[in-house]
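These notes are about the structure you will find just below.
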Amino acid sequence: MHTLVETNMEQRILTLLFLCFCILGNSQNNESIYPNFIGQNLNTIENNSDWRILQKSSGDLNKDDLTDFALILESKDSILEKRRSDCKLLKNKPRIIIVMLNKNGYEETIIQNNKFIALGDEGGMLPYLEPELSIENGLLIIYYQFARSNQSYTFEFNNNQMVIIKAESNGVESATGNFENDKYDFKKGEIISETGNILEEKVSTEIIKFSIKPKTLSEFGEMSEWEIAENKYL
């Protein structure tokens with residue numbers, strides 16, 4: 001006959017085992033939810049039954065006079081995922097950005113990032129956030145419009161990667177009218193930071209130098225985690 005102590009011990013062990021299986025199962029599901037699109041063509045991705053194209057842009061990225069593509073994909077199903085260490089476990093639809101080069105009429109995915117694109121509920125005061133994607137003059141641009149701010153990232157094709165060359169952040173405080181505009185230039189290694197108030201003409205400008213190496217699109221983690229200079233994040 002089991003004693004009360006033995007029964008309690010067995011219950012604790014079973015509870016711990018259950019928690020371990022749940023954590024492992026959740027981790028495996030989060031990893032497996034992101035398919036590997038590298039090498040796939042546009043037609044295959046357009047006909048994927050589990051992911052839809054949220055944004056699509058075309059243009060010549062590598063200066064070969066052929067049409068390349070950039071896509072933002074969104075899962076048709078929601079999963080439980082913890083995006084940041086200080087955030088709760090939330091149910092949301094994952095997003096992926098991919099870049100496809102045209103190789104003699106055949107579009108092939110060469111770049112994929114599963115973390116960088118913000119999710120639908122990560123727009124702060126916005127009920128739903130969806131980025132804009134464009135290819136202009138051979139540059140890939142990702143743009144976000146928030147309630148009182150906006151953020152953009154510009155990438156250039158170099159050595160078979162998309163490398164960030166500039167970014168811009170603009171924001172206004174609703175209570176005070178104070179604004180801050182930051183323009184990041186990775187070729188010059190500087191941030192031009194402008195601050196002021198929307199009711200005043202005076203604008204203060206500061207040039208902040210940095211020596212941090214530009215990241216490729218593949219290397220980016222989640223938005224606003226990369227510190228370029230003190231209190232300056234992309």
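What you see is a predicted model, and the numbers here were worked out from it, not measured in a lab.
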Starting at OG of Ser58, measure out to CG of Asp68 and round the result to the nearest 0.5 Å. 9.0 Å

Between the side chain of Thr109 and the main-chain N/O of Gly39, is any donor-acceptor distance below 3.5 Å? no

Set of residues satisfying salt bridge (charged side-chain N to carboxylate O under 4.0 Å, His left out) with respect to Glu108, sequence neighbours excluded: Lys103

Would you find a donor on one side and an acceptor on the other, under 3.5 Å apart, between the side chain of Asn113 and the backbone of Leu217? yes

Using modelled atom types and a 3.5 Å cut-off, is there a donor and acceptor pairing between side-chain atoms of Gln40 and backbone atoms of Phe37? no

Working for ring-ring contact (aromatic ring centres under 6.0 Å, His included), residues Tyr233 and Trp226: CA-CA 5 Å; Tyr233 293 87; Trp226 185 26; over 10 Å; no

Is it the case that the side chain of Asn43 and the backbone of Asn47 share a donor-acceptor pair, with hydrogens and angles ignored and the cut-off at 3.5 Å? no

Side-chain donor-acceptor pair present, Glu168, Asn170, cut-off under 3.5 Å: yes

Without swapping roles, check the side chain of Glu46 against the backbone of Asn41 for a donor-acceptor pair under 3.5 Å. no

Say whether Glu206 and Ser193, considering side chains only, have a donor N or O and an acceptor N or O under 3.5 Å apart. no

Using atom types as modelled and distance alone, determine if a side-chain donor or acceptor of Asn150 lies under 3.5 Å from a backbone N or O of Tyr144. no

NZ/NE/NH1/NH2 to OD/OE distance under 4.0 Å, Glu74 and Lys93: no

Under 3.5 Å, side chain of Asn92 to main-chain N/O of Ser78, donor-acceptor pair present? no

Under 6.0 Å between ring centres: does that hold for Tyr184 and Phe210? no

Do Asn197 and Asn178 pair up side chain to side chain, a donor and an acceptor below 3.5 Å, judged on atom types alone? yes

Is it the case that atom CG in Asn137 sees more than 12 heavy atoms from other parts of the structure closer than 6.0 Å? no

List the residues meeting side-chain hydrogen bond (donor to acceptor under 3.5 Å, both in side chains) with Asn158, not counting sequence neighbours, and say none if there are none. none

Check: Leu140 main-chain N/O paired with Glu136 side-chain donor or acceptor under 3.5 Å: no

Any side-chain donor paired with an acceptor under 3.5 Å for Gln161 and Ser218? yes

For the pair Lys232 and Glu180, find out whether any cationic side-chain nitrogen is under 4.0 Å from an anionic carboxylate oxygen. yes

Trp51 ring centre to Lys76 NZ or CZ under 6.0 Å, with the angle to the axis within 45°? no

If you count the non-hydrogen atoms of other residues, nucleotides and ligands that lie under 6.0 Å from NZ in Lys166, is the total more than 12? no

Stepwise ring-ring contact (aromatic ring centres under 6.0 Å, His included) test for Phe155 and Phe186: CA-CA 10 Å; Phe155 296 85; Phe186 284 86; 9.2 Å; no

Between atom CG of Leu73 and atom CD1 of Ile117, what is the distance when rounded to the nearest 0.5 Å? 10.0 Å

Spacing of Ile207 atom CD1 and Glu190 atom CD [to the nearest 0.5 Å]: 5.5 Å

If you measure from CD1 on Ile98 to CD on Glu107, what distance do you get to the nearest 0.5 Å? 10.5 Å

Between Phe157 and Ile110, which heavy-atom pair has the shortest distance, and what is it? CE1-CD1, 3.9 Å

Go through the steps to decide whether Phe116 and Tyr153 satisfy the test ring-ring contact (aromatic ring centres under 6.0 Å, His included), and finish with yes or no. CA-CA 11 Å; Phe116 183 46; Tyr153 301 82; 4.9 Å; yes

Heavy-atom pair of closest approach, residues Ile164 and Leu234: CD1-CD1, 4.5 Å

Hey, are Gln55 and Glu132 close enough side-chain-wise for a donor-acceptor pair under 3.5 Å? no

